[in-house]
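This structure is a prediction, so every number in the text was calculated from the model and none was measured.
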Amino acid sequence: MGNFVEELYHGNIHPQDRSTRQNKVVQEQMAILTQSEEFLSKNLPEEHKKGFIDFSNAWDIINGESNLDSFILGFRLGASFTYDTFVSTAAPFQSLSEE
C-alpha cells in the first residue's frame, strides 16, 4: 500500500468494512431484527404499516448519523493522539534542570 491519504482518496481503504461473523451476539440480534421486521410487515394492518416503515426509516437515519458522528470523533481523537505523540513538545511539568 502506498501513501495512506492517497489510498483513502482513491477509495482503496474502506474504514467501515467489517464483519459480524465473529460476534455471535450481534448475529443473534440481527436474526431477531430480521424476523421481527418480516413478521410485522406481514401481519400489521395496512394503516399501521406506514407507521412501522416511518419508524424504521427514522431509526436508520438516526443510527447512520450517530455512526458518522462516532467515526468523526474517533478520527479526531486519533489525529490528536498522533499530533501529541509526534509534533507537540508540551509537557505537563517543567523540568527541574531548566530552572
S.K.: Find the distance between CD1 (I13) and CD (E6) and round it off to the nearest 0.5 Å.
M.R.: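 These two atoms lie 10.0 Å from each other.
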S.K.: About how many Å separate OG1 of T82 and CG of L77, when rounded to the nearest 0.5 Å?
M.R.: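 Spacing of CG (L77) from OG1 (T82) equals 9.0 Å.
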S.K.: Measuring from L73:CG to F71:CZ, what's the distance to the nearest 0.5 Å?
M.R.: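 Between atom CG of L73 and atom CZ of F71 there are 11.0 Å.
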S.K.: Give a yes or no on whether the backbone of S66 and the side-chain of S70 come within a donor-acceptor separation of less than 3.5 Å.
M.R.: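 At least one qualifying donor-acceptor pair exists.
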S.K.: Between atom CD of E65 and atom CG of N67, what is the distance when rounded to the nearest 0.5 Å?
M.R.: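 Here the rounded value is 9.5 Å.
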S.K.: If you round to the nearest 0.5 Å, how far is CD of Q27 from CD1 of I32?
M.R.: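 Here the rounded value is 12.0 Å.
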S.K.: Is F52 linked to F39 within one hydrophobic cluster, defined over Ile, Leu, Val, Met, Phe, Trp and Tyr using a side-chain heavy-atom separation of less than 4.5 Å?
M.R.: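 Yes, it is one cluster - the side chains of F52 and F39 are joined through contacts under 4.5 Å.
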S.K.: With the side chain counted from C-beta on, respond yes when Q29 and L33 share a heavy-atom pair under 4.5 Å apart, and no when they do not.
M.R.: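 Side chain of Q29 against side chain of L33, heavy atoms only: no contact under 4.5 Å found.
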S.K.: Looking only at non-hydrogen atoms, find the nearest pair between K42 and K49 and report the distance.
M.R.: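 Heavy-atom minimum between the residues: O-NZ, 4.5 Å.
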